[in-house]
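What follows is a set of notes on a single structure, which appears directly below.
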Number of protein chains: 2
Amino acid sequence: MAFNITATIASFGGKLLKLTHKATSTNCEMALNLYLPPEAAKQGSKVPVLFYLSGLTCTGDNCAEKGFFQHGASQRGIAVVYPDTSPRGLKIEGEDDAYDFGSGAGFYVNATKEPWTKGYNMYTYITEELPNALFSSFDQLDSSRVGITGHSMGGHGALTLFLKNPGKYKSVSAFAPISNPINCPWGQKAFKGYFGEDQQEKWKEHDATELVKQWKGPLNVLIDVGTGDNFYKQGQLLPENFIKAAKEAGNDKNINLRMQPDYDHSYYFISTFADDHVAHAAKFLLA
Amino acid sequence: MAFNITATIASFGGKLLKLTHKATSTNCEMALNLYLPPEAAKQGSKVPVLFYLSGLTCTGDNCAEKGFFQHGASQRGIAVVYPDTSPRGLKIEGEDDAYDFGSGAGFYVNATKEPWTKGYNMYTYITEELPNALFSSFDQLDSSRVGITGHSMGGHGALTLFLKNPGKYKSVSAFAPISNPINCPWGQKAFKGYFGEDQQEKWKEHDATELVKQWKGPLNVLIDVGTGDNFYKQGQLLPENFIKAAKEAGNDKNINLRMQPDYDHSYYFISTFADDHVAHAAKFLLA
């Protein structure tokens, strides 16, 4: 077992495990939550796994407490992984100075710029190290059926990790994703910091709107964005750019962008539509 | 309008209003949350109201964010009120010294002991001042259909307010209620502080196990308690005492105490069974 189980909490008929493990890619101990649905307790059963990537400032706890993915995941027999959003405590100068860069803001990339190379490798952590550790430690998780979703920065993570790894994830969806980071303040700040200002090609490798232009194959995506979301209004999310690029590539037919009237950027929004995103994932994970 | 609306948040198709108002009974400004289901937005509609009373340390925010009541309340067309658990900022010496007395720990009583008489009148606030203010400010709330539920100290509040006010509440349920406060450390500390050590008759007036002995009429109660709840194990809740007293009074037939395997005292427990408690309330509020 690569993990310490620090708590086991009953939730919606299943178990929420609070886990920690020493991660190589991020160079520190990482905390996360793993929800095992009731189905996972049955002898010999294998359940599919949905990764939920959180947004800026969050840990793996926010959505486990307030997102209500467990409600739908319990009913459908899907495990949910709630990872942290960055390394913690690396003692890099400035890592705790801003809410939108450094701690809590790993952006699901591997930094190429010093000093962030020291552990800001959330891309490798989420796509390789964490799933490998989970699948080797928890027999009841089915490594052949993995989906991904996320919120805001984590929506960016979900879209880009799906688009950069054909076949790795069987489902993808997002809540209020940062859809075109190279053209919004949050993304520009992060990519400048983690890659460098002059690394425009590297920036594009982690931009869903750029990636979708090259995508071949099926693209079934559910995206919810609230019309009352101040970050949407401020141009941080730019979902229309993603849709436009997919359309130009002839691959927008199965992208379902729902503009939800009055909803904001909070977990009140996520919890309202969590069941829909679990149902979307289930279409592919339980097919 | 007796209230300031400090935020309006879309949630499960309805609106969560963050409210503040100047309360006389508690001698301070009180904050609360009011969830209006989609039904309440229809012209001329009147929706029933479920009061959710929180436990020690909580404000009206905890359950609004983590309790999942909006899920069921939205579907059934029930408004939910999430009040605070005590006055705040009265500058009474010692009011912030302990998690289980003073701020965040009003215990839904009217204090009779100085200096707490200055505003620790949560009984009057919850049973009279707050509902009167709500019903005079929000036409869409039906004052003739009110239910009550709560958690821990708030479960004590739900049971005692129901039993002390025949006919006022059409439904009652509780999560992990402090069911016999005169016989547990939390209750003894609170009643000693708010009433005085020698006021045993006053203590009994706010003890569900004592009150149920005198109760005449129907008593349909849903109570959930987790077997993994450390406060249950420590003897703070004593639901068995309540059941025993009701049985001796010949009035336990419709008390449904469910011991939920492994569940703890947290909002993971509450959210799992919130739908059931809304359904229980709906049986009476929508009858």
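First the proteins, then the strands, lettered A, B, ... as listed; each starts at 1. Keep in mind the model is a prediction, meaning the values are calculated, not measured.
- The residue among A/Ile9, A/Thr272, A/Thr8 with the most heavy atom pairs within less than 4.5 Å of chain B is A/Thr272.
- Chain A forms the most heavy-atom pairs under 4.5 Å with one residue out of B/Ala10, B/Gly226, B/Ser266, B/Pro261, and that residue is B/Ala10.
- In terms of heavy atoms, B/Tyr263 sits closest to A/Gly13 at OH-N, 2.7 Å.
- Taking the six-membered ring for Trp and the full ring otherwise, the centers of A/His71 and B/Phe68 sit less than 6.0 Å from each other.
- Surrounding NZ of A/Lys244 are at most 12 heavy atoms belonging to other residues, nucleotides or ligands under 6.0 Å away.
- Here CZ of B/Phe269 is found 12.0 Å from OG of A/Ser11. Values are rounded to the nearest 0.5 Å.
- Judged purely by atom type and a 3.5 angstrom limit, B/Tyr268 has no side-chain atom pairing as donor or acceptor with the backbone of A/Phe12.
- Within the 4.5 angstrom heavy-atom criterion, atoms from both the backbone and the side chain of A/Asp262 approach chain B.
- If you measure heavy-atom distances from B/Gln70 to chain A, the contacts under 4.5 Å come from the side chain alone.
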